[in-house]
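All remarks here apply to the structure that follows.
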Amino acid sequence: MNNLYLSIVNQLDNGVILLDDQLKIFMWNDWLARYTGKSEEDVKGLRITEVIPRLDKNIYAYMFSKAILNGQRSFCSAAMHQYFVEYSYKDVKPPRQNMGIRHLEFENKIYLMIEIHDVANHYERIQKLNKSLQDSIEFTKRLKRFAYYDNLTNIPNRKFVTDRLEGLIEKKEAVFSLLFLDLNGFKDVNDQYGHVQGDQLLQMFAERFNRLVRKQDVFARLGGDEFVLLVENINSVDEIEQHILGINNLMQEPFEVDDKFVSVTASIGYACFPHDGITSKQLLNTADRRMYMDKKNAKL
């Protein structure tokens, strides 16, 4: 028999037995040798019923004869039979097995090929595959979150809001505004209390600000102490000023950082689509420029 064929058969994760037309074992693969503790040398030339007494029954004799004479395939499931091949390990319950019988012609000779599948092992592989698939899905979710959410504040990041902006811009008759926020006094918090406390302040600010955000709006951190609020269905100055008033009211309450009360304010700029820009870059630049004007005026 071809060495490559034998090599392949011996790598399979199931048992393969080849019988001649006298039901004598012609091939017994390595899986069966491990499973039963009997090597091919031990069983080759013996009738299958000598090696596997369980198969010395009329039902199996009928299957073998039908396969030899008519090429008829047969299948016996673990639901009907506990096992066919004896397991070699002591004090271990034999795993449930499936068995398939088929007609095979090779080099002008007729053989029967018997395949034995360990159902328990099969289910275990499926469970491992499912777990691997679930782990892959979870990893993809974590990767997506890493790509679209800010690691410190757990709110959307620049990429998230940029993608949302571009998606809205592509819609016909889209109406929305973009508010650009920069915290005043944040650098002083870092300098006076430390960067850890500064990070805590950013987290507390993001958590508090989320109270103002509607489900359809996006509040995102661009980086440092810069944030944006994307508000749909408004583009009038009056409506924007109402939002700015709400933000300023939110900032009046001090933040408690490490048992210290810290007060910060925000400089805010805005841009309306499509009046102030028709690309995400134009809108961000316009809102950023107006934010710096607001910061400059506050210092006068």
(request) Return the set of residues passing side chain to side chain contact (heavy atoms under 4.5 Å, CB included) with Asn184 (not counting sequence neighbours), or none when no residue passes. (result) Asp182, Thr265, Ser267, Lys295
(request) Side-chain contact test, heavy atoms from C-beta onward, threshold under 4.5 Å: evaluate it for Tyr60 versus Ile48 and give yes or no. (result) no
(message) Show the nearest heavy-atom pair for residues Asp294 and Ile268, with the distance to one decimal.
(response) OD2-N, 3.0 Å
(message) Suppose we screen for side chain to side chain contact (heavy atoms under 4.5 Å, CB included). Which residues come up paired with Glu105, at least two apart in sequence or across chains?
(response) His103, Ile110
(message) Could you go through Val43 and Glu50, starting from their C-alpha distance and side-chain angles, then the distance that decides it, and tell me whether this counts as side chain to side chain contact (heavy atoms under 4.5 Å, CB included)?
(response) CA-CA 9 Å; Val43 300; Glu50 295 179 67; over 6 Å; no
(request) Only counting residues at least two apart or in another chain, list the ones meeting side chain to side chain contact (heavy atoms under 4.5 Å, CB included) with Ser236. (result) Asp238, Glu239
(request) Could you tell me whether the side chain of Asn249 and the main chain of Leu245 form a donor-acceptor pair under 3.5 Å? (result) yes
(message) Applying side-chain hydrogen bond (donor to acceptor under 3.5 Å, both in side chains) as the test, list every pair that has at least one member in residues 192-202; sequence neighbours left out.
(response) Gln197-Asp258
(message) Counting C-beta onward and ignoring hydrogens, is there a side-chain heavy-atom pair between Asn14 and Ile116 closer than 4.5 Å?
(response) no
(request) State, yes or no, whether a side-chain contact exists between Lys187 and Asp191 at a heavy-atom distance under 4.5 Å. (result) yes
(request) Heavy atoms only: give me the nearest Lys24-Gly45 pair and the separation to one decimal. (result) CD-O, 3.5 Å
(request) Assess the pair Phe227 and Phe209: is the distance between their ring centroids shorter than 6.0 Å? (result) no
(request) Please list, chain by chain and in numerical order, all residues satisfying side chain to side chain contact (heavy atoms under 4.5 Å, CB included) with Asn58, sequence neighbours excluded. (result) none
(message) Checking one residue: Phe176. Which other hydrophobic residues are in its cluster under the side-chain 4.5 Å linking rule?
(response) Tyr148, Tyr149, Phe160, Val161, Leu165, Leu168, Ile169, Leu178, Phe180, Val218, Leu222, Val228, Leu230, Phe273, Ile278, Leu283, Leu284, Met291, Tyr292
(message) Within this structure, what is the CD-CD1 distance for the pair Gln242 and Ile234, rounded to the nearest 0.5 Å?
(response) 10.0 Å
(message) If I take atom CD from residue Glu256 and atom CE from residue Met204, how far apart are they, to the nearest 0.5 angstrom?
(response) 7.0 Å
(request) Give the intermediate values and the outcome of side chain to side chain contact (heavy atoms under 4.5 Å, CB included) for residues His243 and Leu229. (result) CA-CA 10 Å; His243 271 76; Leu229 175 63; 4.3 Å; yes
(request) Grab the two heavy atoms, one from Ile240 and one from Ser177, that are nearest each other, plus how far apart they are. (result) CD1-OG, 3.7 Å
(request) Without swapping roles, check the side chain of Asp42 against the backbone of Ser39 for a donor-acceptor pair under 3.5 Å. (result) yes
(message) Within this structure, what is the CE-CG distance for the pair Met27 and Leu18, rounded to the nearest 0.5 Å?
(response) 5.0 Å
(request) Report yes if some heavy atom in the side chain of Thr36 is under 4.5 Å from a heavy atom in the side chain of Trp28; otherwise report no. (result) yes
(message) Checking the side chain of Arg73 only, and the main-chain atoms of Ile101 only, is there a donor and an acceptor separated by less than 3.5 Å?
(response) no
(message) I want to check something: taking the side chain as every heavy atom from C-beta on, are Phe186 and Leu202 in contact at a cut-off of under 4.5 Å?
(response) yes
(message) Looking at every heavy atom in both Leu181 and Leu179, which two are closest together, and how far apart are they?
(response) CD1-O, 3.8 Å
(message) Between Arg214 (side chain only) and Glu232 (backbone N and O only), is there a donor and an acceptor less than 3.5 Å apart?
(response) yes
(request) Hey, could you give me the CG/CG distance between Leu19 and Leu112, rounded to the nearest 0.5 Å? (result) 5.5 Å
(message) Can a side-chain donor-acceptor contact be found between Gln72 and Tyr62 if the only test is distance below 3.5 angstrom?
(response) no
(request) Run the numbers on Asp276 and Arg290 for salt bridge (Lys or Arg N to Asp or Glu O under 4.0 Å), then give the verdict. (result) CA-CA 11 Å; Asp276 296 320; Arg290 285 176 173 162; 3.0 Å; yes
(message) With side chain to side chain contact (heavy atoms under 4.5 Å, CB included) as the criterion, how do Trp31 and Val16 come out once you've worked through the C-alpha distance, each side chain's angles and the decisive distance to 0.1 Å?
(response) CA-CA 8 Å; Trp31 184 92; Val16 176; over 6 Å; no
(request) Answer yes when Lys159 and Asp163 have at least one side-chain N-carboxylate O distance shorter than 4.0 Å, and no when they do not. (result) yes
(message) With rounding to the nearest 0.5 angstrom, report the NZ to CG distance, Lys109 to Leu104.
(response) 13.0 Å
(request) For residues Arg208 and Leu250, report the shortest heavy-atom separation together with the two atoms involved. (result) NH1-O, 3.0 Å
